[in-house]
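Here is the naming used below: chain letters follow the sequence lines, and residue numbers restart at 1 for every chain. Values in this document were obtained by computation on a predicted structure and should not be read as measured data.
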Protein chains: 2
Amino acid sequence: MPQPPASTAQRFIDDYLLYLMARASHLISSEFHDLLRRRGISVPVWRVLASLVGSQGETVTGLAETCLLQQPTMTKLLDRMVRDGLVKRMQDTRDRRVVRVALTTRGEVMATELVQLARQHEAEVLARHPEAEAMAIKSLLRGIVARQAKPRRG
Amino acid sequence: MPQPPASTAQRFIDDYLLYLMARASHLISSEFHDLLRRRGISVPVWRVLASLVGSQGETVTGLAETCLLQQPTMTKLLDRMVRDGLVKRMQDTRDRRVVRVALTTRGEVMATELVQLARQHEAEVLARHPEAEAMAIKSLLRGIVARQAKPRRG
DNA sequence: AAGGGATTAATGCGTTTTCATATAAACTTC
DNA sequence: GAAGTTTATATGAAAACGCATTAATCCCTT
């Protein structure tokens with residue numbers, strides 16, 4: 001284990017809301033992302049799959065926003081997912097500019113399975129943070145960061 | 001504006017904790033990241049600067065963890081920051097494996113200025129989310145997502 | 001109904017990140 | 001004190017990302 005930082009309790013970022021949110025999100029998500037990696041699934045792919053469950057078809061731009069990516073990044077990600085047989089592109093009947101992206105059968109099987117695992121994991125996380133229902137946001141997130149700290153490699 | 005998704009209120013992800021956290025974090029941070037971009041500063045560079053304010057020197061691995069990056073990524077990021085005169089590498093006296101990274105004068109000036117802007121922005125965000133002090137985490141984060149929604153391009 | 005302006009998705013290029021591995025230094029143990 | 005193990009950082013190839021631009025379609029005004 002490396003030495004603790006020179007000034008342990010005094011760092012700007014440790015009381016900075018945006019950092020607390022980013023770190024809490026990162027730490028908690030890392031657990032599930034590890035599970036994904038073991039299955040050879042990248043985080044962006046998982047996000048697209050999860051976004052498309054139950055949908056008849058989403059636009060590229062809409063998916064990009066949902067998945068927190070830029071549109072060109074999404075286009076290239078979809079290229080790979082089409083190649084891997086997870087999603088298909090369809091033309092929108094009303095607007096020929098629009099591409100509707102939907103799950104293939106294979107994609108749907110995978111997505112459904114992962115969503116179930118995600119729900120399980122979410123339940124575990126919530127069980128682990130029982131005070132989450134009542135605390136102020138900063139101390140809450142700070143608590144998550146502290147408690148969650150480094151279960152393994154982030 | 002694009003069409004709303006086929007099933008508006010029923011998506012799995014809209015009630016999924018990890019997504020709510022990631023999205024809330026992304027949305028709020030985007031505002032500040034826009035400010036950074038206007039100044040030509042990337043998010044990872046900002047994170048390193050913010051991590052080093054008030055420090056005598058952090059290790060590469062420690063910085064990587066703090067900044068939510070992998071260690072090789074941090075090494076290369078530091079290469080660029082050294083090149084740009086923002087940080088310097090120093091040898092640790094006790095453990096010669098360890099590289100101590102610290103701000104240069106130029107880096108410190110920049111970091112201090114940015115931290116001040118970050119504090120301002122944080123205050124604005126907190127003022128905008130007054131109920132943040134008392135709400136349950138999921139509805140809290142969901143509320144942030146809803147209210148923050150798309151101030152401009154994410 | 002035609003043309004200007006806006007919107008959707010794709011492409012190309014340069015940069016950055018990741019994954020796997022290599023190198024070097026320091027601890028441990030016999 | 002030397003071999004083996006662990007820890008810290010660096011490197012190199014391949015993938016992914018971001019920005020700017022392009023092509024096609026739609027919308028709205030006149």
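Distances were taken from every side-chain heavy atom of B:P44 (C-beta onward) to each of C:dA9, C:dC13, C:dT17; the shortest belongs to C:dT17. Taking every side-chain heavy atom of A:V98 into account, C:dT8 is the closest of C:dT8, C:dT16, D:dG18. Side-chain proximity of B:T59 to the nucleotides D:dT9, D:dA10, D:dG12 is greatest for D:dT9. When distances are taken from the side chain of A:T61 to each of D:dT25, C:dT17, C:dA9, the shortest belongs to C:dA9.
Residue A:R80 places at least one side-chain N or O under 4.0 Å from the OP1 or OP2 atom of D:dC17. Note on B:R83: every side-chain N or O is 4.0 Å or more away from OP1 and OP2 of C:dT15. An OP1 or OP2 oxygen of C:dT23 is reached within less than 4.0 angstrom by no side-chain nitrogen or oxygen of B:R96. An OP1 or OP2 oxygen of D:dC19 is reached within less than 4.0 angstrom by a side-chain nitrogen or oxygen of B:R37. Distances shown here put every side-chain N or O of B:R97 at or beyond 4.0 Å from the OP1 or OP2 atom of D:dA10. Within the 4.0 Å cut-off from OP1 or OP2 of C:dA10, at least one side-chain nitrogen or oxygen of A:T75 is found.
In this structure, CZ of B:R47 is placed 14 Å from C1' of C:dT17, rounded to the nearest angstrom. Taking atom CG of A:L36 as the reference point, atom P of C:dT18 lies 16 Å away to the nearest angstrom. Rounded to whole Å, atom P of C:dA10 lies 15 Å from atom CD of A:Q70. With rounding to whole Å, A:L69 atom CG is found 15 Å from D:dC19 atom C1'. Between the CE atom of A:M90 and the P atom of C:dA9 there is a distance of 13 Å, rounded to whole Å. When the P atom of D:dT9 is taken as reference, atom CE of B:M81 falls 16 Å away, rounded to whole Å. Distance CG (B:L77) to P (D:dC17): 18 Å, rounded to an integer number of Å. We find that CG of A:L68 is positioned 18 Å from P of D:dA16, with the value rounded to whole Å.
Looking only at distances, no side-chain donor or acceptor of A:Q71 sits under 3.5 Å from a matching main-chain atom of A:T61.
Under a 4.0 Å N-O distance rule, the pair A:D34/A:R37 qualifies as a salt bridge. A salt bridge does not link A:E124 to A:R119: none of the charged nitrogens lies less than 4.0 Å from a carboxylate oxygen. Ion pairing of B:R97 with B:D95 is present here, as a side-chain N (NZ or NE/NH1/NH2) and a carboxylate O approach within less than 4.0 Å.
Take the nearest nucleotide of DNA chain D for B:Q71 and for A:R94: the residue whose nucleotide is more 5' is B:Q71.
Counting distance only, with no hydrogens placed and no angle test, the side-chain atoms of B:K76 and the base atoms of D:dT9 include no donor-acceptor pair under 3.5 Å.
At a cut-off of 3.5 Å, with distance as the only test, no side-chain donor of B:T105 or B:E108 sits close to an acceptor on the other residue.
If you check every strand for non-hydrogen atoms under 4.0 Å, B:P72 touches a base.
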